[in-house]
Enquirer: 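Pasting in a structure now, in structure tokens, and then I'll have a few things to ask.
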Amino acid sequence: MNRRDLLFLGAVGGFSGSARAQSNKPKSIEARLDVRKFGAVGDGVHDDTNAFRQAIDYACNNKMQLVIPGTPHSYLISDSLPIPHGKHGWAITGEAGRVTITQAANNKPIFLFSSHGHDYRDTTNRAFSLKNLRAAWTRNQSIANKESNMFLFDDGGYADFQIDNCENHNGCRLVSTREVQAPGRPLNLWGCIMSHLFSGYVASGAAIRLRTNPVEGMPNILISHVYALRQMAEEELIHLAGCSSVNIDNVEINFGRGSQLVCWGGTTEVNVRAWRMEQCTVADTPRNVIFDLSGNGPTQQGTYRFQGVEMRFTTIDSTRPHSVFHASAGAQVIIDGYQEVATTRKSGELTVATTQDARVQFRSVADIVSPHVFLLDNQQPADITFATTEVLRFYKNGLTSRMDRVTNDSPSAVKGQVVGAAGWIWAIEVSLDADVSAGKIELLVFKNRLLIDSGAMKLAIRNGSRSVKVATVIKNTNHPDYRVVPGDLVHFEISTDQSFAGPTNALFNLMIANI
């Protein structure tokens with residue numbers, strides 16, 4: 001069955017299609033069915049597996065909403081709960097917040113979707129929803145128990161559905177596809193919405209992992225409002241392979257380690273908005289990258305856009321260099337708003353982006369404390385562009401508490417930084433965090449260890465100023481030394497003509513414009 005036939009069965013096109021898919025969800029199905037009518041107890045002791053299976057079959061076959069009432073305990077099951085194939089317009093909804101279903105069997109999913117080898121036309125599930133549910137296992141599931149998923153999709157087709165307000169407490173993954181499909185039994189998800197998901201601190205795997213072999217294609221996916229505590233996780237938060245037209249909105253990760261987003265195997269047209277990482281650790285991993293966009297290969301051109309990526313209180317503790325973004329040949333990447341706040345460096349280095357013949361554009365990049373913005377593994381430096389003037393932020397190294405212009409005084413130098421942009425040095429902003437008593441601060445600019453004429457770089461400081469910020473325009477189109485290209489090494493030296501206390505943590509923003 002071809003893609004056109006699949007779309008005819010209910011797939012949606014583009015993100016406007018995802019919005020239409022949401023409007024068609026069974027938000028309130030009048031025919032409500034209580035799982036307790038089939039014998040479910042919900043005391044955490046009685047085995048409710050058969051009651052749930054009967055209730056799910058009845059609700060799906062009759063296009064009803066199966067209601068799972070809240071309980072002080074949980075609904076205990078001892079096997080997976082299969083979803084009947086080829087059924088449309090049904091819902092499973094927990095009441096009173098998130099209702100817990102506890103799996104007593106190791107390495108078993110809670111809800112299992114499978115067509116059992118039937119053809120797409122007979123097995124496509126459409127217009128269904130699962131809401132307000134919490135998955136737990138009687139024993140914490142290790143990363144080796146990859147079947148212990150809240151929602152596991154096997155072969156078949158699933159379109160126009162929604163998973164909302166669901167939590168994986170201590171299983172492996174929250175939403176996952178079975179990675180290896182039986183011969184002749186492809187898997188396809190499309191036009192789906194996964195929102196308000198929580199991956200608990202003892203979850204060992206990804207929150208969402210959509211990767212199948214063979215890759216059939218999974219278009220038009222919306223992932224929004226994901227929150228994760230990642231102390232025990234050994235996989236990235238989101239792993240996408242064979243997906244296209246994906247929107248990822250509002251993600252927050254606490255205590256994560258290693259890669260957090262992987263786009264591989266034909267994943268294209270990915271838009272990420274508002275991704276926040278707090279108190280995460282950059283540690284050695286097989287790939288040593290946080291946003292891995294390298295799995296498409298030279299023949300597939302992926303497009304990725306990141307808007308509003310923030311890393312707060314990140315600890316760099318690694319033996320090898322890491323990068324925040326890594327893109328491979330053919331990729332087009334737009335980084336629109338990237339910020340680092342209060343980064344702690346124990347060991348290792350963090351590069352904002354590394355590329356292999358990819359086209360990358362920076363927009364509104366600020367507050368970077370990483371040693372490098374670009375690791376130039378790119379054969380076409382002209383493909384790296386900056387749509388903003390603020391490019392690099394430098395922290396002062398070893399600045400003494402008093403710097404007096406005296407004989408044999410050695411000005412304190414900022415460590416040299418490799419520039420990843422082509423353009424003119426436009427301005428340097430100086431930010432001082434201590435009172436400056438009087439006098440002038442002189443900034444000397446060096447490019448490739450040669451001093452650039454700094455006649456305009458003497459900055460007058462008012463007496464008693466606090467948190468002084470001065471931006472001095474130094475662009476000089478008649479002076480070729482102010483022109484930089486990727487790979488140039490730029491650094492500063494600072495001195496003063498009078499004594500003053502501080503600064504203890506001066507900042508320097510190097511600004512480059514492509515003019």
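We use all heavy atoms of the structure for the numbers below, so side chains are in, but hydrogens, waters and symmetry mates are not. In this text the structure is predicted, and so the values were computed from the model without any measurement.
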Enquirer: Among residues two or more places apart or on two chains, list those pairs meeting salt bridge (charged side-chain N to carboxylate O under 4.0 Å, His left out) that have a residue in residues 40-52.
Expert: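 Checked against salt bridge (charged side-chain N to carboxylate O under 4.0 Å, His left out) - neighbours excluded - no pair reaches residues 40-52.
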Enquirer: Please list, chain by chain and in numerical order, all residues satisfying side chain to side chain donor-acceptor pair (under 3.5 Å) with S114, sequence neighbours excluded.
Expert: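 For S114, the residues satisfying side chain to side chain donor-acceptor pair (under 3.5 Å) (neighbours in sequence not counted) are D155.
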Enquirer: Who are the salt bridge (charged side-chain N to carboxylate O under 4.0 Å, His left out) partners of D249, not counting sequence neighbours?
Expert: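 Result, salt bridge (charged side-chain N to carboxylate O under 4.0 Å, His left out) vs D249: R273.
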Enquirer: Is the distance between the ring centroids of F255 and Y201 less than 6.0 Å?
Expert: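 No; Y201 has its ring centre 6.0 Å or more from that of F255.
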Enquirer: How long is the span from the CZ atom in R230 to the OG atom in S199, to the nearest 0.5 Å?
Expert: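 Going from the CZ atom of R230 to the OG atom of S199 covers 5.0 Å.
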Enquirer: Could you walk me through whether E234 and R257 pass salt bridge (Lys or Arg N to Asp or Glu O under 4.0 Å), step by step?
Expert: CA-CA 8 Å; E234 298 182 48; R257 300 175 68 87; over 6 Å; no
Enquirer: Return the set of residues passing side chain to side chain donor-acceptor pair (under 3.5 Å) with S323 (not counting sequence neighbours), or none when no residue passes.
Expert: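 For S323, the residues satisfying side chain to side chain donor-acceptor pair (under 3.5 Å) (neighbours in sequence not counted) are T354.
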Enquirer: Partners of R211 by side chain to side chain donor-acceptor pair (under 3.5 Å), sequence neighbours excluded?
Expert: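 Counting only residues at least two positions away or on another chain, R211 forms a side chain to side chain donor-acceptor pair (under 3.5 Å) with H239.
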Enquirer: Taking the six-membered ring for Trp, are F38 and Y58 parallel (under 30°), tilted (30 to 60°) or perpendicular (over 60°)?
Expert: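 Tilted: the ring planes of F38 and Y58 meet at 30° to 60°.
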Enquirer: Using the side chain to side chain contact (heavy atoms under 4.5 Å, CB included) criterion, which residues pair with E252? Sequence neighbours excluded.
Expert: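 For E252, the residues satisfying side chain to side chain contact (heavy atoms under 4.5 Å, CB included) (neighbours in sequence not counted) are Y227, N254, R276, E278.
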Enquirer: Sorted by first residue and then second, give each salt bridge (charged side-chain N to carboxylate O under 4.0 Å, His left out) pair with at least one member in residues 169-178; sequence neighbours left out.
Expert: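 Sorted result for residues 169-178: E147-R178, D154-R178, R173-E179, R173-E235.
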Enquirer: Can you tell if the side chain of S204 reaches within under 4.5 Å of the side chain of M232, non-hydrogen atoms only?
Expert: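 No; the side chains remain at least 4.5 Å from each other.
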Enquirer: Under 6.0 Å between the ring centres of Y75 and F52?
Expert: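 Centroid distance Y75-F52: below 6.0 Å, so yes.
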Enquirer: What I want to find out is whether R287 reaches D292 closely enough, with some N-O distance under 4.0 Å, to be called a salt bridge.
Expert: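 D292 and R287: salt-bridged.
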Enquirer: Taking atom types as modelled, is there a side-chain donor on T93 or Q65 under 3.5 Å from an acceptor on the other?
Expert: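 There is such a pair between these side chains.
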Enquirer: Taking Q103 for the side chain and A105 for the main chain, is one N or O donor matched with an acceptor at less than 3.5 Å?
Expert: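 Side chain of Q103 to backbone of A105: a pair is present.
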Enquirer: Considering residues at least two apart in sequence or located in another chain, which fulfil the side chain to side chain contact (heavy atoms under 4.5 Å, CB included) criterion with S142?
Expert: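 Testing S142 for side chain to side chain contact (heavy atoms under 4.5 Å, CB included), a comparison that skips the adjacent residues, returns A144, N145.
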Enquirer: Using the test ring pair (Phe, Tyr, Trp, His ring centres under 6.0 Å), find all partners of H225 that sit at least two apart in sequence or belong to another chain.
Expert: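 Listed in chain order: H196.
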Enquirer: Quick one: list whatever passes side chain to side chain contact (heavy atoms under 4.5 Å, CB included) with R139, sequence neighbours left out.
Expert: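 Testing R139 for side chain to side chain contact (heavy atoms under 4.5 Å, CB included), a comparison that skips the adjacent residues, returns N106, Q141.
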Enquirer: Please verify the inter-ring angle class for F291 with W275; under 30° counts as parallel, over 60° as perpendicular, anything in between as tilted.
Expert: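 Correct class here is perpendicular.
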Enquirer: Restricting to side chain to side chain donor-acceptor pair (under 3.5 Å), what partner residues turn up for S347, sequence neighbours left out?
Expert: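 Listed in chain order: D317.
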Enquirer: Answer whether the closest heavy-atom distance between the side chains of L237 and L261 falls below 4.5 Å.
Expert: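 A side-chain contact is absent here, since even the closest heavy-atom pair is not under 4.5 Å.
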Enquirer: Under the 3.5 angstrom rule, does the side chain of H88 hit a backbone N or O of R126 as a donor-acceptor pair?
Expert: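 Between the backbone of R126 and the side chain of H88 there is a qualifying donor-acceptor contact (under 3.5 Å).
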Enquirer: Starting at CG of L76, measure out to OG1 of T49 and round the result to the nearest 0.5 Å.
Expert: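 Here the rounded value is 7.0 Å.
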Enquirer: For residues F153 and F161, establish whether the separation of their ring centroids is below 6.0 Å.
Expert: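 Ring centres of F161 and F153 closer than 6.0 Å.
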Enquirer: Is a side-chain donor-acceptor pair under 3.5 Å present for T100 with S74?
Expert: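 No donor-acceptor contact under 3.5 Å links the two side chains.
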Enquirer: Could you list the residues that satisfy side chain to side chain contact (heavy atoms under 4.5 Å, CB included) with D284, not counting sequence neighbours?
Expert: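 Residues passing side chain to side chain contact (heavy atoms under 4.5 Å, CB included) with D284: N288, S318, T319, R320, H322.
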Enquirer: Mind checking whether W137 and H169 have side chains closer than 4.5 Å, heavy atoms only?
Expert: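 Result no, sub-4.5 Å side-chain heavy-atom pair not found.
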Enquirer: Taking atom CD1 of I290 and atom SG of C280, what is their separation to the nearest 0.5 Å?
Expert: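 If we round to the nearest 0.5 Å, I290:CD1 and C280:SG are 8.0 Å apart.
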